[in-house]
Amino acid sequence: MKVFVCAVCILAFAGSASSAQAPAADEGIAGYAALFQEVSPAEPTAPALTLDDVEQLALARSPEIGVALRRVAVEQAHVPVAGALDDPMTMYRGWGVPLRQPWNFNDAQNMFSISQTFSGAGKRSLRASVAESDVDVAKAQLDEVRLDVRVRVHKAFDDMLLAQDEMQIHHQHVAIARQAIEAARIQYTVGKGPQQDMLKAQVALTSLAEHMIRFDHDAALAEARLNTLLGRDPDTPVRVVGEFAVVDALPEVRTLDAMALQSRPDLAAAGQAAARSHTEQTLAKKAYVPDFTVSGGYMLMPAGSATRNDYMVEGSINLPWLNRRKHDAEIAEATARTTEQDAELSALRNVAFGQIQDALIEAQAAQKLAHVYHDQLRPQAEATLESSVIAYENDKTSFLDLLDSQMTVINVDLTWLAAVADFDTRLADLELATGTPLEPSTKPATEGRP
């Protein structure tokens, strides 16, 4: 930045030294200068939010998380239903009512009873266990939605922060661009500079204007995505604060694989689904355990009977052994489902390991690229600019060579920002692949800005 300030001062001096001789500005140059009449950043209209702030807001307000919470509530409400007894039944029977006097119930046996069916041993507890497994699956899916929302919020935050930082660099360099166009105008109008120099200045200014359009576009899209994830109107003003940096070390793939096996919500959901299928298989085998129905009631006998008031007791049992085809098919279906769920869990683990490897490779490449820009290209570009400033002071280089050096620094700064933002995004992908935030020592520190 010291080189940048020096370059601004030199250009300002070059413009002021010749301003007395300069005639009216060329209309083409003035048109390009108009692109930068309103370059100062707008005053912030929204409170600044850190990454932790937006993640907490998303976890509290995200509509997707709200839907997943409702699914958990539905499954929890089903648990008592799954383990409950069937409804008791009551019955009235009029036995022996005379056909010639269908209203004469005094000559009939009036029977009143109530009955209850009891499932075979272990069936109710197994049904409740299946329902509880559904709750566990829903909770794991809720964790999966939370993780996905948090990672998408992280990426949207990175996009907004990148756009803001790019705008800041743009505004820092617009001053020298305006000095450049004024110097080019003066040199051209007094006959000391060729038209080619003026055209190069125009191209440089147009490039800065193109940058600003892209930055505004990227910021607007990121703001809309972030507001949507926060459950707010897409056009709600958002301002984020933070800084990018790149760490020197990333975890080994074996460490990440172990973290995924313990933390990935989708693996947990698949594991719970596999456990549920095994419970369902055990329940299907219980089909050969008979269910019992017990009834008890009161009987009002016909008038004149020796005993007018009687009671009745009744018991019944189903016979599953006489319907083997049905129950064997149910057991075979449950066994096939269990095998399928186990295979799905194994396949999902394999996919998870592949995703971790891909995310780690991408993060390592982004890390190396960011270091190249920060440790080599940026110092080289700044050294070139410093050399151009010294040469220009001693009339050993042209003004536009100095301008080209400054534009190179601008482009390197912007590319470095994109590289560190990409690294932070790759870290978010790595956290999504492992299912848990990385250790603080692994995450980028909030420092480092061009």
Side-chain angles (χ1 to χ4, degrees), residues 1 41 44 46 48-55 58 147-173 207-208 210-230 238-250 358-379 381-382 408-434 437-438 440-450:
M1 293 306 296
L49 299 175
T50 65
L51 177 59
D52 288 339
D53 293 335
V54 295
E55 285 183 350
L147 176 63
D148 180 68
V149 168
R150 188 176 61 80
V151 170
R152 283 190 286 149
V153 165
H154 191 156
K155 291 182 178 181
F157 178 91
D158 283 349
D159 291 341
M160 280 209 67
L161 185 60
L162 174 61
Q164 289 181 180
D165 287 349
E166 288 173 332
M167 289 179 186
Q168 183 175 352
I169 292 177
H170 172 85
H171 292 311
Q172 289 173 350
H173 291 290
S207 178
L208 283 177
E210 182 271 334
H211 286 170
M212 195 62 191
I213 294 172
R214 179 168 58 83
F215 301 156
D216 285 335
H217 167 268
D218 293 345
L221 286 180
E223 184 178 70
R225 286 196 296 267
L226 190 57
N227 278 320
T228 301
L229 290 168
L230 297 180
V238 178
R239 185 165 65 95
V240 299
V241 292
E243 294 180 348
F244 295 113
V246 181
V247 298
D248 293 326
L250 290 169
D358 291 347
L360 183 59
I361 291 173
E362 294 288 351
Q364 290 171 339
Q367 179 190 48
K368 293 176 182 178
L369 186 61
H371 279 305
V372 167
Y373 278 106
H374 182 267
D375 300 336
Q376 299 180 32
L377 290 180
R378 288 182 67 211
E382 291 177 354
T408 299
V409 172
I410 295 174
N411 291 329
V412 169
D413 281 348
L414 292 175
T415 309
W416 179 81
L417 264 180
V420 292
D422 182 60
F423 174 76
D424 201 48
T425 298
R426 298 306 178 186
L427 274 187
D429 289 334
L430 196 56
E431 291 184 354
L432 180 64
T434 56
L438 300 179
S441 59
T442 306
K443 299 191 71 174
T446 54
E447 60 183 9
R449 187 189 294 271

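By convention here, the first residue in the shown sequence is residue 1.
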The reported gap from CG in Leu226 to NE2 in His154 (rounded to nearest 0.5 angstrom) is 11.5 Å
Rounded to the nearest 0.5 Å, the CG atom of Leu417 sits from the CG atom of Asp165 at a distance of 5.0 Å
For Asp148, the side-chain hydrogen bond (donor to acceptor under 3.5 Å, both in side chains) test, sequence neighbours excluded, returns Arg152
Hits for side-chain hydrogen bond (donor to acceptor under 3.5 Å, both in side chains) against Asp159, two or more places apart or cross-chain, chain-then-number order -> Arg225
Residues at least two apart in sequence or cross-chain that pass salt bridge (charged side-chain N to carboxylate O under 4.0 Å, His left out) with Asp53, listed by chain then number, are none
To the nearest 0.5 Å, atom CG of Leu230 lies from atom CG of Leu49 at 8.0 Å
Margin query: Using side chain to side chain contact (heavy atoms under 4.5 Å, CB included), reason through Trp416 and Val372 one step at a time and then give a plain yes or no.
Written below: CA-CA 9 Å; Trp416 179 81; Val372 167; over 6 Å; no
Sorted by chain and number, sequence neighbours left out, salt bridge (charged side-chain N to carboxylate O under 4.0 Å, His left out) with Asp422 holds for Arg426
Contacts of Ala418 meeting side chain to side chain contact (heavy atoms under 4.5 Å, CB included) (sequence neighbours excluded), chain-then-number -> none
Rounding to 0.5 Å, atoms CD (Glu166) and CG (Asp216) come to a distance of 11.0 Å
Taking the side chain as C-beta and beyond, is there a heavy-atom pair between Val153 and Val149 under 4.5 Å? yes
Quiz item: Are the side chains of Val241 and Gln164 in touch, meaning some heavy atoms are under 4.5 Å apart?
Solution: no
Sequence neighbours excluded, the answer for side chain to side chain contact (heavy atoms under 4.5 Å, CB included) partners of Leu360 is Leu250, Val253, Leu256, Gln364, Leu430
Sorted by chain and number, sequence neighbours left out, side chain to side chain contact (heavy atoms under 4.5 Å, CB included) with Ile361 holds for Gln357
By side chain to side chain contact (heavy atoms under 4.5 Å, CB included), Asp375 pairs with (sequence neighbours left out) His371
**Asked** So, Glu223 side chain and Val238 main chain: donor-acceptor pair closer than 3.5 Å or not?
**Response** yes
Between the CG atom in Leu427 and the CD atom in Gln367, the distance rounded to the nearest 0.5 Å is 8.5 Å
- Below 4.0 angstrom, N of the basic side chain to O of the carboxylate: do Asp424 and Lys155 qualify? no
Taken to the nearest 0.5 Å, the spacing of Phe157 CZ from Glu55 CD works out to 9.0 Å
